[in-house]
Amino acid sequence: MGVSEQVDLVLSGTKGKSGGVARVFLKGRPSRLLIVGADDKDADETTKVAAFRRDAKAMASAVAALDVADATVCLDDFDAGSADAYWKTRTMLAAVSHASYRFTPYKSTKAKDAKLRRVGMLSRQRAKTRRAVDHAQALDDGLALAKDLGNQPPNVCNPTFLARTARTLSRGAANVTTTVLDEKKMSELGMGAFLSVTRGSATPAKLIIVNYKGGNRGDKPVVLLGKGITFDTGGISIKPSASMEEMKWDMCGAASVLGAMRATVAAELPINLIVMAAAAENMPGGRASRPSDIVTTMSGKTVEIINTDAEGRLVLCDALTYAKRFKPAAVIDVATLTGAQVVALGSHASALYANDDGLADALASSGDGAGDRMWRMPLWDDYQNALDSGFADMKNVGGGRAAGSIVAACFLSRFAKDFPWAHLDIAGSAYVSGKGSTGRPLPALFEYLLKAASLGG
């Protein structure tokens, strides 16, 4: 029986649909043939793109589960509307990256790793496909780092561990340097808000700065700032014990921006990029901050701490003030900041806030292209008075549960008036409970950096 006859037999018993997979076992090489999806020639552009994403995910999951080390994708056989081979290749390989990822270093009996080691793309648009493969490989390197950091247990991944990991990014790279500010230096700089978070912890905080000079000398850098609370108990305003184990993922913002740096270095992007990770533990203890404490930020503004569980904005506000010295083209902070973001958007989209429409549009477009969506939220002055304090310049939380993600963004906006700024609240998108870190919003960030370097699309 020939290959075509075997395929006809399989398809005769299979209803073709988007995301469907039919398997054919062959003698010799190739040993497997997967028929994925079903084109709908009458579908509109949006439907075709969505169907291609489903097909890519189905293909990647099926291939990762097979006992094969090599696979080839006939890219031109997939209909994605007007999308070119670059986008199709990036999307397909991103799906492979997620399907093949495993985190098993702490299993005494190792789970079976995906055997898949190499995926080839068969396409007539060779130049676009080759460029897409290079970018996809760089993103995969960054995602592996971001996911691994997020999934590490908090007794391993503390601020010191993050600093040590960041230093590896500059090894062997002449245009990458890593600087780590300790608590003494932060105190000298007046970072009272940042230091208020770490008081109850036996592990000292770190402000980690990785500087990549891949662009022209004098070009303003993009600054990515990640919240790195390596474990968040809530401090004195302690969290309920149920699901507190998930608070090891409160450093996924830092993990994603460090992953962005690894991807940028791997892709050798012609851009100047600075990554900052504001790393601390939020623990209760005899020296921990109390509700009603008042601290002075690096900017000189004072903050009344109403809730010690609203700690992310306290480390980020001082880091945003520090970022001003780099004269940035844009600053994007990334944080698992509020449970209110999850209530508003769930896990499908990250919340996007910005003081600059161009930056907001560029990030949203990058998220759409990477399949890592975000939704712009209001940053209106109407919400600012929720932070009014009778005893300090501002409170660190509003008056109640209403608009919690927006009020948190309003707090940060007060420290980002001197540069184009965006805030990504990723509390719902950064991880999946019980399954692990997603690496988001790294795909969107990398897409944004590619476009900033005029290399996207």
Side-chain angles (χ1 to χ4, degrees), residues 98 101-107 111 146-159 161-162 197-198 200-203 226-256 277-285 288-289 291 305-316 334-351 372 374-375 396-398 400-409 423-442:
H98 286 297
Y101 176 78
R102 304 287 188 274
F103 185 78
T104 61
Y106 300 100
K107 295 266 191 183
K147 290 179 181 179
D148 282 352
L149 286 173
N151 291 330
Q152 290 284 354
N155 59 319
V156 172
C157 185
N158 57 27
F161 182 91
L162 282 181
V197 175
T198 189
S201 175
T203 302
K227 173 187 172 184
I229 304 298
T230 57
F231 195 78
D232 182 17
T233 66
I236 297 299
S237 307
I238 198 162
K239 294 177 179 290
S241 59
S243 300
M244 194 191 285
E245 72 279 1
E246 295 183 0
M247 290 303 99
K248 73 172 186 175
W249 286 308
D250 210 20
M251 42 66 67
C252 282
S256 68
E281 277 188 329
N282 187 23
M283 302 288 284
S289 294
I305 299 174
I306 301 299
N307 189 328
T308 65
D309 193 25
E311 84 298 330
R313 65 202 73 180
L314 294 175
V315 300
L316 291 175
V334 186
T336 49
L337 205 65
T338 66
Q341 185 274 328
V342 186
V343 174
L345 296 174
S347 62
H348 299 294
S350 302
D372 183 11
M374 53 191 72
W375 188 260
N396 74 326
V397 295
R401 293 171 59 86
S405 180
I406 299 172
V407 172
H423 161 60
L424 300 180
D425 192 338
I426 60 168
S429 58
Y431 65 93
V432 177
S433 181
K435 294 184 178 179
S437 171
T438 64
R440 295 176 65 187
L442 174 50

| query | Within the side chain of Gln152, is there an N or O that forms a donor-acceptor pair under 3.5 Å with the backbone of Asn158? | reply | no

| message | For Val342, give me all partners under side-chain contact (heavy atoms from CB on, under 4.5 Å), at least two apart in sequence or on another chain. | response | Ala427

| field | Minimum heavy-atom distance between Asp425 and Ser405, given as atom pair plus value | value | OD2-OG, 3.1 Å

| field | Non-neighbouring partners of Asp148 that pass side-chain contact (heavy atoms from CB on, under 4.5 Å), sequence neighbours left out | value | Tyr101, Phe103

| request: Can you sort out the partners of Asn282 under side-chain hydrogen bond (donor to acceptor under 3.5 Å, both in side chains), two or more places apart, ordered by chain and number? | output: Asp232

| said: Check whether Asn396 reaches the backbone of Ile305 with its side chain - one donor and one acceptor, N or O, closer than 3.5 Å. | reply: no

| query | Between Cys157 and Met251, what is the shortest heavy-atom contact and its length? | reply | SG-CE, 4.1 Å

| said: To the nearest 0.5 Å, what is the distance between OG1 on Thr233 and CD on Glu311? | reply: 8.5 Å

| note | On a heavy-atom basis, the closest approach of Ala254 and Ala277 is CB-CB, 3.8 Å

| Nearest heavy-atom pair of Asn307 and Ser237: which atoms, and what distance? | OD1-CB, 3.1 Å

| message | Quick check: closest heavy atoms across Ala279 and Leu162, and the distance to 0.1 Å? | response | CB-CD1, 4.0 Å

| task | Evaluate the criterion side chain to side chain donor-acceptor pair (under 3.5 Å) for residue pair Asp250 and Thr336; output intermediate values, then yes/no. | result | CA-CA 6 Å; Asp250 210 20; Thr336 49; 2.5 Å; yes

| Which pair of non-hydrogen atoms, one from Val197 and one from Ala280, has the smallest distance, and what is that distance? | CG1-CB, 4.5 Å

| task | Take Val156 and Lys248, measure what side chain to side chain contact (heavy atoms under 4.5 Å, CB included) needs, and give me the verdict at the end. | result | CA-CA 10 Å; Val156 172; Lys248 73 172 186 175; over 6 Å; no

| task | Check side-chain hydrogen bond (donor to acceptor under 3.5 Å, both in side chains) between Thr203 and all other residues, then give those that pass, not counting sequence neighbours. | result | none

| So how far is it from Lys147 NZ to His98 NE2, rounded to the nearest 0.5 Å? | 4.5 Å

Can you give each donor-acceptor pair under 3.5 Å made by side-chain atoms of residues 428-435, sequence neighbours left out, with the distance rounded to 0.1 Å?
| residue | atom | partner | partner atom | Å |
| --- | --- | --- | --- | --- |
| Ser429 | OG | Ser350 | OG | 2.7 |
| Tyr431 | OH | Glu246 | OE1 | 3.3 |
| Ser433 | OG | Glu246 | OE2 | 2.4 |

| field | Steps toward side chain to side chain contact (heavy atoms under 4.5 Å, CB included) verdict (Lys239, Asp309) | value | CA-CA 8 Å; Lys239 294 177 179 290; Asp309 193 25; 3.0 Å; yes

| remark: Sequence neighbours excluded, the answer for side-chain contact (heavy atoms from CB on, under 4.5 Å) partners of Ala288 is Ile236

| Got Leu337 and Lys227 here, is their nearest side-chain heavy-atom distance under 4.5 Å? | yes

| request: Look up atom OG1 in Thr338 and atom CZ in Arg313, then write down how far apart they are to the nearest 0.5 Å. | output: 7.5 Å

